[in-house]
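Contents: one structure, followed by commentary.
FYI, side chains are in, hydrogens and waters are out, and symmetry mates aren't considered; it's all heavy atoms of this structure. Order of appearance sets the numbers: ligands from 1, and atoms from 1 within every ligand.
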Amino acid sequence: MTDLAALADRLDRAVVSARATAQLPADAQIDAATAYEVQRLGIELREARGERVIGVKMGLTSRAKMAQVGVDEVTWGRLTDAMRREEGGALDHAPFIHPRAEPEIAFILKRGLSGEVSLAEAALALEAVAPAVEIIDSRYENFKFSLGDVIADNSSSAAFFIGPASRPDTDLANLGIALSIDGAVREVGSSAAILGHPLRALVAAARMTERSGHALEAGDIVLAGAATAAVPLAPGMQVEVEVQSLGRVSFHVT
Ligand code: OOG
Ligand code: MG
């Protein structure tokens with residue numbers, strides 16, 4: 001049997017030391033429910049260092065993402081205040097192992113959401129929506145993982161930038177999304193690639209977090225999951241994400 005606390009500790013040491021760790025061997029794989037327990041234990045280690053959970057990120061909500069990492073189920077992870085970076089600012093490459101950037105849509109909630117909710121209820125819980133960039137940094141060697149591995153690793157969460165807020169009733173159905181590096185477009189997609197409509201990612205967040213005993217609260221940030229593949233980052237890069245109707249968010253890598 002896998003020692004869950006030991007696995008959480010090993011993943012946390014990979015975060016703190018910026019050194020990759022091995023995947024669980026094939027004969028010691030854990031199921032999703034067990035992996036969410038490891039994720040929770042890992043977050044307790046972060047909280048013991050003073051970090052605070054400020055929302056969740058959905059993962060693998062688009063075909064492009066599933067294909068890039070070879071896992072085809074939706075996952076979620078916790079976002080902490082220490083992961084948030086200032087829009088337009090710098091991202092230091094040093095504390096990460098092999099960071100990648102991906103375009104996201106962020107929801108800011110004005111009320112809690114938990115369990116089975118309709119698309120209309122999810123929409124009514126919005127305070128605002130915004131363009132965002134997520135930095136993912138798998139703690140596993142070569143960015144390779146199974147479903148259980150990636151859930152235990154907090155769905156690769158590492159950092160994120162949130163752009164300017166738009167009205168909560170902004171139509172999100174089919175917005176063009178582009179990620180550019182040094183002014184050249186590297187990935188393009190549509191918000192429709194996110195489970196057919198990004199609000200479905202919020203519905204999934206309410207349902208999936210409740211199953212693991214976690215609730216979305218007023219003020220929380222929820223990232224919908226990337227609509228395109230993620231792009232590896234190197235020092236010196238200028239990164240910009242533009243989401244049609246929502247605007248831009250950018251940073252540079254140092
Ligand atoms: C897993 C996290 C996926 C997304 O937006 O789909 C994710 C990974 O790709 O490492 O954040
Ligand atoms: Mg993501």
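In this structure, a donor-acceptor pair under 3.5 Å is present between the side chains of E51 and T80. Using modelled atom types, one finds no donor on one side chain facing an acceptor on the other under 3.5 Å when comparing T170 with S245.
Protein residues are said to neighbour a ligand when one of their heavy atoms lies under 4.0 Å from it; for ligand 1 these are K57, M58, G59, L60, K65, V69, E102, E104, E134, I136, F143, F145, V150, S155, S156, G225, A226.
Between the side chain of R200 and the main chain of L195, a donor-acceptor pair closer than 3.5 Å is present. Proximity of a side-chain donor or acceptor of Y36 to a complementary backbone N or O of I151 within less than 3.5 Å is not detected.
Sorted by chain and number, the protein atoms of type N, O or S within less than 2.8 Å of the Mg ion (ligand 2) are E102 OE2, E104 OE2, E134 OE1.
For the pairing with F107, the side-chain contact (heavy atoms from CB on, under 4.5 Å) check across V222, L216, I221, L113 returns one residue only, V222.
With sequence neighbours excluded, the residues forming a ring-ring contact (aromatic ring centres under 6.0 Å, His included) with H214 are W76, listed by chain and number. For E127, the side chain to side chain contact (heavy atoms under 4.5 Å, CB included) partners are I108, K110, not counting sequence neighbours.
In this structure, R85 forms no cation-pi arrangement with F160, as its terminal cationic atom is not both closer than 6.0 Å to the ring centre and no more than 45° off the ring axis.
Put simply, OG1 on T228 and NZ on K65 are 8.0 Å apart, with the number rounded to the nearest 0.5 Å.
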